[in-house]
**Student:** 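There's a structure below that I have some questions on.
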Amino acid sequence: AQKITQTQPGMFVQEKEAVTLDCTYDTSDPSYGLFWYKQPSSGEMIFLIYQGSYDQQNATEGRYSLNFQKARKSANLVISASQLGDSAMYFCAMRERNSGGSNYKLTFGKGTLLTVNP
Amino acid sequence: DTGVSQNPRHKITKRGQNVTFRCDPISEHNRLYWYRQTLGQGPEFLTYFQNEAQLEKSRLLSDRFSAERPKGSFSTLEIQRTEQGDSAMYLCASSFTSGDLGETQYFGPGTRLLVL
């Protein structure tokens with residue numbers, strides 16, 4: 001089974017509008033962390049935001065916020081006031097406390113390609 | 001503060017040749033990771049170092065792949081007898097041990113390999 005599912009291969013948004021990118025995850029580990037990364041066409045993965053499984057509040061970082069619904073195992077990324085420079089691939093990733101004895105590696109989804117239209 | 005750097009950025013090689021990639025992590029980071037990303041997929045974990053010790057290798061890392069981090073600073077990833085299926089983006093990331101799940105991995109720009 002997929003550990004991270006991103007069901008939207010592509011999304012379009014108008015400049016200055018908000019957009020939500022979906023991410024659902026699968027784990028039986030009570031301790032885990034969820035990350036979102038942005039990958040422009042240049043290839044570099046840029047860290048955006050982090051949410052811990054025990055965090056009581058949704059994470060926010062500037063125009064990025066994470067809509068964390070633990071019971072539904074979803075961690076959607078919300079980008080407010082979209083800018084042309086937000087056009088990129090966006091990846092959701094998870095780190096589990098007890099993934100085969102190691103808690104270091106990230107497991108990524110397949111990503112969502114966001115296009116911001118002027 | 002410089003980020004993670006990787007060289008070369010692009011590599012084209014013929015099947016059967018050996019290739020080596022280099023990663024220079026953020027200077028104070030003691031953990032270093034290699035991932036592989038194929039077209040239309042997210043990165044997949046290959047291997048991980050803490051200082052100079054290689055602590056984990058994915059089953060994706062066949063015996064044609066070897067990674068080193070000799071002095072706990074830069075790392076190299078070598079692929080011997082390359083195959084067309086090795087064509088991918090090879091990403092390096094580094095982090096500083098914080099002991100919690102929120103420890104963030106910072107990625108380099110990647111090396112894009114094409115095997116002809």
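So you know, we letter chains A, B, ... as the sequences are listed, proteins then strands, and number each from 1.
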**Student:** Taking atom NZ of A:Lys70 as the centre, does the number of heavy atoms from other residues, nucleotides or ligands within less than 6.0 Å exceed 12?
**Tutor:**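 Yes, the 6.0 Å shell around NZ holds more than 12 heavy atoms from other groups.
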
**Student:** Considering only heavy atoms, which portion of A:Gln39 lies under 4.5 Å from any heavy atom of chain B: side chain, backbone, both, or neither?
**Tutor:**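 Only the side chain of A:Gln39 comes within 4.5 Å of chain B.
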
**Student:** Would you say A:Met94 and A:Phe68 are hydrophobically clustered, going by side-chain heavy atoms of ILVMFWY under 4.5 Å?
**Tutor:**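 Both belong to a single hydrophobic cluster.
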
**Student:** So which bits of residues 83-96 of chain B come within less than 4.5 Å of chain A, counting non-hydrogen atoms only?
**Tutor:**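 Within residues 83-96 of chain B, the residues that come under 4.5 Å of chain A (heavy atoms only) are B:Met89, B:Leu91.
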
**Student:** On a heavy-atom basis, which atom in B:Gln105 and which in A:Arg95 lie closest, and how many Å separate them?
**Tutor:**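 Between these two residues, the closest heavy atoms are NE2-NH2, 3.1 Å.
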
**Student:** Does B:Gln80 have more than 12 heavy atoms from other residues, nucleotides or ligands lying within 6.0 Å of its CD?
**Tutor:**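 More than 12 within 6.0 Å, yes.
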
**Student:** Any chance you could measure B:Thr104, atom OG1, to A:Phe35, atom CZ, to the nearest 0.5 Å?
**Tutor:**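 That separation rounds to 5.5 Å.
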
**Student:** Report yes or no: do A:Leu66 and A:Tyr25 belong to one cluster of Ile/Leu/Val/Met/Phe/Trp/Tyr joined by side chain heavy-atom distances under 4.5 Å?
**Tutor:**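 Linked within one cluster.
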
**Student:** Let me check something: do B:Tyr33 and B:Leu113 share a hydrophobic cluster, defined by ILVMFWY side-chain heavy atoms less than 4.5 Å apart, either directly or through other members?
**Tutor:**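 Different clusters: B:Tyr33 never reaches B:Leu113 through Ile, Leu, Val, Met, Phe, Trp or Tyr contacts under 4.5 Å.
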
**Student:** A quick test of your reading: do over 12 heavy atoms of other residues, nucleotides or ligands sit less than 6.0 Å from CD1 of B:Ile12?
**Tutor:**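 Not buried by this count: 12 neighbours or fewer within 6.0 Å.
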
**Student:** With rounding to the nearest 0.5 Å, note down the distance linking OH in B:Tyr35 to CE in A:Met45.
**Tutor:**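 B:Tyr35 atom OH to A:Met45 atom CE measures 9.0 Å (nearest 0.5 Å).
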
**Student:** Does a sphere of radius 6.0 Å around CG in A:Leu84 hold more than 12 heavy atoms from other residues, nucleotides or ligands, not counting ones at 6.0 Å or beyond?
**Tutor:**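 Yes.
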
**Student:** May I ask you to check whether over 12 heavy atoms, not counting those of B:Arg64, lie within 6.0 Å of atom CZ?
**Tutor:**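 Yes - once you tally the heavy atoms of other residues, nucleotides and ligands closer than 6.0 Å, there are more than 12.
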
**Student:** In terms of hydrophobic clustering (I, L, V, M, F, W, Y; side-chain heavy atoms under 4.5 Å; direct or indirect links), are B:Leu32 and B:Phe21 co-clustered?
**Tutor:**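 They do share one cluster, since a chain of ILVMFWY contacts under 4.5 Å joins B:Leu32 to B:Phe21.
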
**Student:** Is any side-chain heavy atom of B:Gln37 less than 4.5 Å from a side-chain heavy atom of A:Phe91?
**Tutor:**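 Touching, per the 4.5 Å side-chain cut-off.
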
**Student:** How far does CD of B:Gln6 sit from CD of A:Glu44, to the nearest 0.5 angstrom?
**Tutor:**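 Atom-to-atom, B:Gln6:CD and A:Glu44:CD are 9.0 Å apart.
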
**Student:** Would you give the length of the straight line joining atom CZ of B:Phe107 to atom OH of A:Tyr37, rounded to the nearest 0.5 angstrom?
**Tutor:**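 Answer for the CZ-OH pair, B:Phe107 versus A:Tyr37, is 5.0 Å.
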
**Student:** Got a sec: does the NZ of B:Lys57 have more than 12 other heavy atoms crowding it under 6.0 Å?
**Tutor:**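 No, not enclosed.
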
**Student:** Could you state whether B:Val19 and B:Val115 fall into the same hydrophobic cluster, counting links through intermediate Ile, Leu, Val, Met, Phe, Trp or Tyr residues with side-chain heavy atoms under 4.5 angstrom apart?
**Tutor:**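 Both belong to a single hydrophobic cluster.
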
**Student:** Starting at CD of B:Glu44, measure out to CG of A:Leu106 and round the result to the nearest 0.5 Å.
**Tutor:**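 Taking CD in B:Glu44 and CG in A:Leu106, the distance rounds to 13.0 Å.
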
**Student:** Does any N or O in the side chain of B:Arg112 come within less than 3.5 Å of the main-chain N or O of A:Gly43, such that one atom is a donor and the other an acceptor?
**Tutor:**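 Here the side-chain-to-backbone pair does not exist.
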
**Student:** Any side-chain heavy-atom pair from B:Phe45 and A:Phe108 closer than 4.5 angstrom?
**Tutor:**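 No, their side chains stay 4.5 Å or more apart.
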
